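Right, one structure below, let's go through it.
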Protein chains: 2
Amino acid sequence: MEAIKQRYSKQRETILEVVQSTLVHPNADWIYKETRKRIPNISLGTVYRNLNQLVETGRIIKLKDESMVRYDGNIGHHDHFRCAVCGKWYDVEMIDQAIIKSFAEKHDFQVESFHLELEGTCKSCLNS
Amino acid sequence: MEAIKQRYSKQRETILEVVQSTLVHPNADWIYKETRKRIPNISLGTVYRNLNQLVETGRIIKLKDESMVRYDGNIGHHDHFRCAVCGKWYDVEMIDQAIIKSFAEKHDFQVESFHLELEGTCKSCLNS
DNA sequence: CAAGCTAATAGTAATAGTTACTATTAACTC
DNA sequence: GAGTTAATAGTAACTATTACTATTAGCTTG
């Protein structure tokens, strides 16, 4: 069980920058298209491979959308709200560690991570 | 915007019974195999179509696992704990309506549903 | 700082879960 | 019972993701 050697790669750093530069919670294809603006011949496989690595090393977060995976460059803890009308994902704050702690004590489960997802209608869709 | 006419079908009722009869939070393939024990020539497409309809009419719940969709026949509100070791999903109780209400008031979002997913190690995997 | 090792890449093929299509069957209406 | 059309079985197609392979390029070490 030794640490995986990880070399620097322009592709990986660019992908990370792309994910960190947006609030849209993009999927792999969006990230691919965006990264291609900077590295025109980057391969889609490279994008997927690096996104997985970035998740494994904790530099980005993985979200499950309807039929695909989305990514979030905001790795501080937060929850998500998905607007069912416009499909946008919002970062929100809601659950704190205290709630989780009391849960872990009640059950005999060891909680490593948790994710709250809310769905409904966002402010701007309510006003239109 | 009129209600969709929905005819009775043995296939759909059997699929519903299968989902309601288990706690394993099965995916489409499991449900297909299980339903085939009762209707040997049922088609996989029929299973998918009916699962989607059952979700739309609120008779079952849809969960997003790593790479596929899982279903839950328990439609009362509850949260989910996924064991990262054995992959099992557990129904748990944690969030109540009060937490959500205070959230909806803080932001100007209208919350229609929410889902808390915890991940970690379950009791039986901790003891082995 | 050049040689060697191998992680990472581009490009492509393959896979898995799911949806779409089509001719046929079977619930419901009158 | 005849007509209408939702639902079906079987199959093809689609989409997101992963696997494969020859080549490229970081990093290490002498």
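Predicted model only: the values in this text are computed from it and were never measured. Excluded from the calculations below are hydrogen atoms, water molecules and symmetry mates; all remaining heavy atoms, backbone and side chain alike, are included. Naming: A, B, ... by sequence-line order, numbering from 1 per chain.
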Can you measure [X] atom [atom1] to [N] atom [atom2] for me and round it to whole angstrom units?
| X | N | atom1 | atom2 | answer |
| --- | --- | --- | --- | --- |
| A:Gln6 | D:dT28 | CD | P | 13 Å |
| B:Arg36 | D:dT8 | CZ | P | 16 Å |
| A:Glu56 | D:dT18 | CD | C1' | 13 Å |

| said: Please evaluate residues B:Glu13 and B:Gln11 with respect to the criterion side-chain hydrogen bond (donor to acceptor under 3.5 Å, both in side chains), reporting the C-alpha separation (whole Å), side-chain torsions for both, the decisive distance (0.1 Å), and the verdict. | reply: CA-CA 6 Å; B:Glu13 287 311 304; B:Gln11 286 84 345; over 6 Å; no
| query | For DNA chain D, what residues of residues 9-20 of chain B have any heavy atom nearer than 4.0 Å? | reply | B:Ser9, B:Gln11, B:Arg12
| request: Please give the angle, rounded to 10 degrees, between the axes at the start and the end of the helix from C:dC1-D:dG30 to C:dC30-D:dG1, where five pairs define each axis. | output: 40°
| field | Salt bridge present between B:Glu117 and B:Lys64 (N-O < 4.0 angstrom) | value | no
| task | Please say whether more than 12 non-hydrogen atoms of neighbouring residues, nucleotides or ligands are located less than 6.0 Å from CG in A:Leu126. | result | yes
| field | Residue pairs, two or more places apart or on separate chains, that pass salt bridge (charged side-chain N to carboxylate O under 4.0 Å, His left out) and touch residues 69-80 of chain A | value | A:Asp65-A:Arg70
| B:His115: what forms a ring pair (Phe, Tyr, Trp, His ring centres under 6.0 Å) with it, not counting sequence neighbours? | B:His80
Nucleotide N/O of nucleotides 18-22 of chain C paired with protein N/O under 3.5 Å:
unit_1 : atom_1 : unit_2  : atom_2 : d
C:dT18 : OP1    : B:Val69 : N      : 2.9
C:dT18 : OP2    : B:Tyr48 : OH     : 2.6
C:dT18 : O5'    : B:Tyr48 : OH     : 3.4
C:dT19 : OP2    : B:Asn52 : ND2    : 3.2

| field | Hydrophobic cluster of A:Leu51, others only, ordered by chain and residue number, side-chain cut-off 4.5 Å | value | A:Ile15, A:Leu16, A:Val18, A:Val19, A:Val24, A:Trp30, A:Ile31, A:Tyr32, A:Ile39, A:Ile42, A:Leu44, A:Val47, A:Tyr48, A:Leu54, A:Val55, A:Ile60, A:Val69, A:Tyr71
| Minimum side-chain heavy-atom gap A:His77-A:Glu93 below 4.5 Å | no
